[in-house]
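The figures here come from the full heavy-atom set of this structure, side chains too, leaving out hydrogens, waters and symmetry mates.
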Amino acid sequence: MYGTHSKRDMEIEYQSQVPIMRPSIHARRAKITVKFQDLYGFTVEGNVDDVNVLNEVREKVREQGKVWWSLEASKGANWYLQTHVSSTLKTSLKFSALVNAITLKKLIRKGIPPVLRPKVWFSLSGAAKKKSTAPDSYYEDLTKAVQDKVTPATKQIDHDLPRTFPGHPWLDTAQGHAALRRVLVAYSFRDSDVGYCQGLNYVAALLLLVMKTEEEAFWMIAVLLENVLVTDCYNKNLSGCHVEQRVFKDLLTKKCPRIAAHLEALEFDVSLVCTEWFLCLFAKSLPSETTLRVWDVLFNEGANLLFHVALAIFKMNEEELLTVHHVGDVIHIIQRCTHQLFDPDDLLTVAFDQIGFMTTTTISRQRKKQEPAVMAELDQRLRRLNSINASDEQ
């Protein structure tokens, strides 16, 4: 899609994708709730202040786009691919690659222009490289081979299709359901250990809206599950997700000790909110434009970003959370916040500036520390379930 566009064509398409929303004079006067569609077709509900925030965000997106176009003009269209510092490079090229890497990291944290997002994601995530190792017709052949097969995974996929972003003008149509089904079913046969896990439907749906083609969305799912995210997050017992929840609880104690102590006193289990975050990658929790800004960083910096964002959500609500005394109130505060986080910069500023740096090594150690306890607990659950089933059969 993007390979045939001239730079000028892309600029025009990009500008057309970032409209300024103007609520009616009656809405401004009455301060009533207004509904509008965001950039990706989702219906957003908020007040006029929320509209103003979104307009400010979209103006920043326009300015950010100018920076990307300027870099493309000076460094070349694919300059962001020249960021790997190899020992075989000459000193001058090493320096150039290092400068590109630093520049790219800063730029991506400020957001990738929507029109560039598909090709930047596809390249930086490793999806393009993964696709290049397979035959050109891999996705087409796979979808044709499995289209009539029925498995527990395909049955669950069919059940979840109408529940995936209901009301969306394309996803909630026969065409949208068919595209989403093909992507999910194809991956369920590519990786039988994963098959299909609820949560992937939201991730795949949002990828279809961004990447535009089913094949690119499929390879983005593949690189996410096989390279970007931690192992076993979506397997049948969700062991990887359980590990992430325990690691997050430890990080919350370290980074937000007051909140952690208060939640422990309330006997609040963080999995009540963070399970959905880690399985859906915030696609079901944050406004779509904010989710995609999170994914911009995810595909460049890796899965540890999810911890930064999750911690930031709690940090942003610290003072209010410390005043409540019921588990239900905690959930209400967190959900209200995530649904109204229209400014990605607010979230990501807290995620990086206030949460602070967390090394990959530190988090890897935390995961290894938690894995034995998680596996023992899951094994105990399985034995208990088998015992119950055996008793029922007698």
Q: Only one of Val309, Leu292, Leu281, Asn304 passes side-chain contact (heavy atoms from CB on, under 4.5 Å) with Leu298; say which it is.
A: Leu281

Q | Under 3.5 Å side-chain donor-acceptor pair for Tyr196 and Asp160 | A | yes

Q: For residues Tyr139 and Tyr187, establish whether the separation of their ring centroids is below 6.0 Å.
A: no

**Q.** Non-hydrogen atoms of Glu267 and Val327 that approach each other most closely
**A.** O-CG2, 4.4 Å

Q: Answer with yes or no whether the side chains of Ser137 and Asp141 bring together a donor and an acceptor at under 3.5 Å.
A: yes

Q. Where do Phe282 and Tyr202 land on the ring pair (Phe, Tyr, Trp, His ring centres under 6.0 Å) test, with the steps shown first?
A. CA-CA 9 Å; Phe282 297 98; Tyr202 294 99; over 10 Å; no

Q) Does NZ belonging to Lys35 count more than 12 external heavy atoms closer than 6.0 Å? A) no

Q: Compare every heavy atom of Val228 with every heavy atom of Ser125, then report the nearest pair and how far apart it is.
A: O-CG2, 4.3 Å

Q. Aromatic rings Phe218 and Tyr138: how do their planes relate, parallel, tilted or perpendicular, breaks at 30° and 60°?
A. tilted

Q: Before accepting this row, confirm whether a basic side-chain N of the pair Asp250/Arg246 lies closer than 4.0 Å to the acidic partner's carboxylate O.
A: no

Q) How about Ser285 and Glu276: does a side-chain donor come under 3.5 Å of a side-chain acceptor? A) yes

Q: Determine the interplanar angle of the Trp121 and Trp295 rings, folded into 0 to 90°, and report it as parallel if under 30°, tilted if 30 to 60°, perpendicular if over 60°.
A: tilted

Q | Spatial distance of atom CZ (Phe342) from atom CG (Asn55) [nearest 0.5 Å] | A | 12.0 Å

Q.
Between Glu289 and Arg293 (salt bridge meaning N to carboxylate O under 4.0 Å), is one present in this structure?
A. no

